[in-house]
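Indexing begins at 1, ligand by ligand and atom by atom, following the structure's order. These numbers were taken from a predicted model, which means no experiment stands behind them. In what follows, every heavy atom counts, from backbone to side chain, and hydrogens, waters and symmetry copies are set aside.
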Amino acid sequence: MTPADLLVLLLRSAAFIWSVVLLRRSRDRRIGLLGVLLLLLVVDRLVIPAAGPDRVAWWPAMLVSVAALVLVVFLGRWFDDHRRATEALRIEKAYFEHLFANAPESMLLADAQGHIERVNAEFTRLFGYSADEVRGQSLDEILAPHALAEARVLTSDSAHGRTVRFETQRRRRDGSLLHVSIIGSPIVLEGRQLGVYALYRDNTPRVRAEEALRTSDRYFRSLMANTLDLIVVLDTDGRVRYTSGSIETVLGYDTEELLGRDAFGLLHPDEVDEVRGRFVRLLDRPGPAPRIEFRCRHHDGAWRIFEASANNLLADPAIDGVVITMRDIAARKRAEEALRESEERYALAQQGANDGLWDWDLRAGQVYFSPRWKAMVGAAEHEVGTAPEEWFGRVHPDELEQLKIDIDLHVAGHTPHLQTEHRMRHRDGLYRWVMTRGLAVRDAAGKAYRLAGSQTDITVRKSIEEQLLHDAFHDPLTGLPNRALFMDRMGHAIRRGRRSDGRSAVLFLDLDRFKVVNDSLGHVHGDQLLVAIARRLEDCIRPGDTVGRLGGDEFVVLLDEVPGAAGAEEVAGRIQAALSDPFELAGQEVFVTASIGIAISVTGHERAEDLLRDADTAMYDAKAQGKATHRVFHAGMHSHAMSQLQLETDLRRALDREELVLFYQPIVSLARGRVTGFEALARWRHPERGFLGPEEFIPLAEETGLIDRIGQWVMGEACRTLRGWLDRHPASGPLSVSVNISARQFQRPELVAEVAAVLAEVALPSGALRLEITEGTIMGQAESSVAVLRGLKQAGVQVQVDDFGTGYSSLSYLQRFQLDALKIDRSFVGELGNPGENPEIVRTIIALAKNLGMAVIAEGVETPRQRTMLQQFGCDYVQGWLFSHPLDREAAEALLDAEPAVVPPRSG
Ligand code: C2E
Ligand code: CA
Ligand code: CA
């Protein structure tokens, strides 16, 4: 091997190693490969030939090799650098692209004229444009039509190299506005402005939040200032920490004025303790407390009523207090009251659609009167105003004062409701009774501010009440005061007399023949007579005097002020004169007289009952004196009356003590001239007063009911006596006994049975017992008499009409009753033989009896002339002193023993 070969080998090895190094170092493999090829070429073509076998001088080859080497190195370096720079740029660009695309802010690049070159994704998201849509568009046009300055600001300001920041609004593609802050910055390259970039940050949420905050703050303040509620925050001591602005309108205080002040100082003293107590209790218990009502002092000093709720928010650091929410509830209270009022009004309305309603606003002094109310007083709707006088002006003067008192009492709260009765003047001038009912409506303090109620027409009820009251104190028949009222008036008169030293008098009046009228004409006519008498009595007295009826035929007259007994007697005389005119009854003239007893209150200390009793006693005295007269009471009469009382007591024992006896007065047959019977007449053998005639005790027995026992005894005694006589004189012909039956006895249902029992007991022949019943008694109850008389007939008893002519017999009844005999009253018989006699009555009675098929007995025959006349007239039987006085049993027996001889008439 030659050195040249060696050299070539060396060179080639070096080039190869170098190439490998180059290749390995170059990033760009193509450039590296190119360099290796170039190196190998240079070595192979230039270096090797030069040093090769041709012997070329090795140094140019060497030189060329070195130069190629240097070139290769240099090129390699240059390629390397360039490759590196390009790479860096690419990376940078990639960074930028990445950043631009993915930046969380919206970004925009524009050229120096403000035309958009590119925008990032965030931008398109924010503004709604796509990148293509905005490319090339002017900044002014696309984003901010109303902010044309933007492009200029951005371009010009940033042209001066400044970065600008500002906040503004930008429009999105859909037209909506965004609050954005913009940062604009120039892109400058070597002093030359390439463009601008701008960064848009969306502030809308923040701005909205701020706005919301501002609004809500404003809202809150306004709310707090204008709410009707009052919101107060108190610390644990009850001091005001906060009050809403509404305090000014609600309570009239400035907000600051109250801060730090004790809130309880504003409360009403009546309620402060209660409210404070609740507040203190609330402090231990977080959260809300129940509502409460209390009064608070307004700045003007007046009290306002509040409803409050409290909420313990001490645990909330933002509040750190108790929040009190208060509401003025005066309006609500009024509404509640109004509701209550309207409910009350409704309830009242319900009470009676027929009632008039009234509603008095006490504060305004005005009264609402319902149409019905107005109608009740006969007024048209427009004729009644609203003044209380519309009401009071119509109230009867007698009740006005009481009505006002009742109203005042209720308004003042002394009565639970108003209820009063009074009369109201109707338009027709008449008064109607109404009942006024009402109820006051009161405020929280209990003060009445309204009075409402109804008015009911109670005229009918009132008149019924008045009627009842009247009935209770008046005799239903005559309408005169009854005993109760008369006694009351007497009491008043006596007391008045005591004061004025005046005298009052009582007249006790008893009709003398009323029983006869009543019994014979019947109760209806008897009643008519009583009414007529009452009217005449009323005509006899002065206005201040009183006529009353005690019952039956007893009337009383109270003379309020009389000068003395003479004055009272004068009135009694007037009464008797007034009664003397006949009364027209049942087509007949009826004559009535009265016995009048007078008692005078002298000292003014008499009791009404005593005075009346005295007058009664005096009346009995007048009757005893012969009727149709009057007597003034004196003390002696009292003892007489007392003895009457004693008599009654004695009479009760008389039967048991067998003090009663029967006398027998013979009845003589004119035709046969002999005794055919006896009338049994009762006598009382009084242990102290001796023999008493029947007029002394029979009326008393009638009155007291003792007549029932006496009558039975008389009948039994008379029958037994007759039985004895019949047994004694069996052959002396028919003999009868007549027994008097009083009205009371006749009315007893047991009468027929008792009579039959007696007859059966003593076994008298039929017709031997005759009952004498007065004309008045039989005719008085004509219808029931028919049955009794038939019963007596069936028992085999004859019935005779006693005292015929004194009553008012109906002929048709006389016939129907099938009576056996008429007994002409001795007053008619006594007429016979008198100067100026009128025998026609007796003659007529006898003729009547004959026509009716009845026997006639004349009683009270005292003179032979009477007997003669009676005989002429056809009278069958006579009885009287001319033949015999009533005789005791023994005497009567002796008389019978002397029979059959006719009893000789007494001479004289
Ligand atoms: P009267 O039934 O009319 O009895 C006849 C009365 O006339 C008797 O009176 C008798 O004594 C009296 N008298 C008889 N003849 C004459 C006379 O010629 N002239 C006068 N002036 N009077 C004469 P007396 O006994 O006093 O009886 C009176 C009345 O008492 C009787 O009237 C009778 O109604 C009643 N009475 C008598 N006894 C009884 C009796 O037992 N029961 C009942 N219920 N009443 C009796
Ligand atoms: Ca008789
Ligand atoms: Ca008689």
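Among I773, N740, V829, the residue whose heavy atom sits closest to atom 2 (O) of ligand 1 is N740. Across the listed options E717, R683, R826, K823, R826 owns the non-hydrogen atom lying nearest to atom 7 (O) of ligand 1. For atom 28 (C) of ligand 1, the choice among A682, S738, P694 with the nearest heavy atom turns out to be P694.
Of all atoms in ligand 1, numbered sequentially from 1 with element shown, those under 4.0 Å from a heavy atom of V861 are 18 (O). Below 4.0 Å from some heavy atom of V714 lie the following atoms of ligand 1, by number and element: 41 (O). Of all the atoms in ligand 1, the ones that sit under 4.0 Å from a non-hydrogen atom of E695 are 26 (O). Within ligand 1, the atoms closer than 4.0 Å to a non-hydrogen atom of E679 are 1 (P), 2 (O), 4 (O), numbered from 1 in the order shown. Atoms of ligand 1 lying under 4.0 Å from any heavy atom of E862, numbered from 1 in the order shown and given with element: 17 (C), 18 (O), 19 (N), 20 (C), 21 (N).
Using 4.0 Å as the threshold, G860 has a heavy atom nearer than that to some atom of ligand 1. P886 counts as a contact of ligand 1, since one of its heavy atoms falls under 4.0 Å from the ligand. Taking 4.0 Å as the cut-off, Q745 counts as a neighbour of ligand 1 on heavy-atom distance. At a 4.0 Å cut-off, not a single heavy atom of E702 sits close enough to ligand 1 to count as contact. Ligand 1 lies out of reach of H885, whose nearest heavy atom is not under 4.0 Å from it.
We find that D510 and K623 are joined by a salt bridge, their nearest charged nitrogen and carboxylate oxygen being less than 4.0 Å apart. Using a cut-off of 4.0 Å between Lys/Arg side-chain N and Asp/Glu carboxylate O, E761 and R723 are scored as not salt-bridged. One finds no salt bridge joining D802 and R826 here, because no Lys/Arg side-chain nitrogen approaches an Asp/Glu carboxylate oxygen to under 4.0 Å. Electrostatic pairing of E717 and R889 counts as a salt bridge here, judged by a charged N lying under 4.0 Å from a carboxylate O. Using a 4.0 Å cut-off between a side-chain N of Lys or Arg and a carboxylate O of Asp or Glu, E609 and R613 do not qualify as a salt bridge.
Of all N/O/S atoms in E772, OE1 sits nearest the Ca ion (ligand 2). The N, O or S atom of D802 with the smallest distance to the Ca ion (ligand 2) is OD2.
Considering backbone and side-chain N/O atoms, Q879 never comes within less than 3.5 Å of an N/O atom of ligand 1.
Using a cut-off of 3.0 Å, one finds that S738 contributes no N/O/S atom close to the Ca ion (ligand 2). Among the backbone and side-chain atoms of E679, an N/O/S atom is found under 3.0 Å from the Ca ion (ligand 2).
For the pair R549 (side chain) and G552 (backbone), a donor-acceptor distance under 3.5 Å is present. One N or O on the side chain of R536 and one on the backbone of A578 form a donor-acceptor pair closer than 3.5 Å. Between the side chain of E696 and the backbone N or O of L692, no donor-acceptor pair lies under 3.5 Å.
Cation-pi geometry between R683 and F691 is not met: the NZ or CZ atom fails to fall both under 6.0 Å from the ring centre and inside 45° of the normal.
The CG atom of L848 sits 10.0 Å away from the CD1 atom of I824 when rounded to the nearest 0.5 Å.
When heavy-atom distances to ligand 1 are checked against a 4.0 Å cut-off, Q866 has no atom that comes that close, whether in backbone or side chain. When non-hydrogen atoms are compared, ligand 1 lies under 4.0 Å from the side chain of D803 (C-beta onward) but not from its backbone.
Considering I575, L507, I533 as possible partners of F555, the one that fulfils the side chain to side chain contact (heavy atoms under 4.5 Å, CB included) test is I533.
Ring geometry for F678 versus W725: interplanar angle of 30 to 60°, hence tilted.
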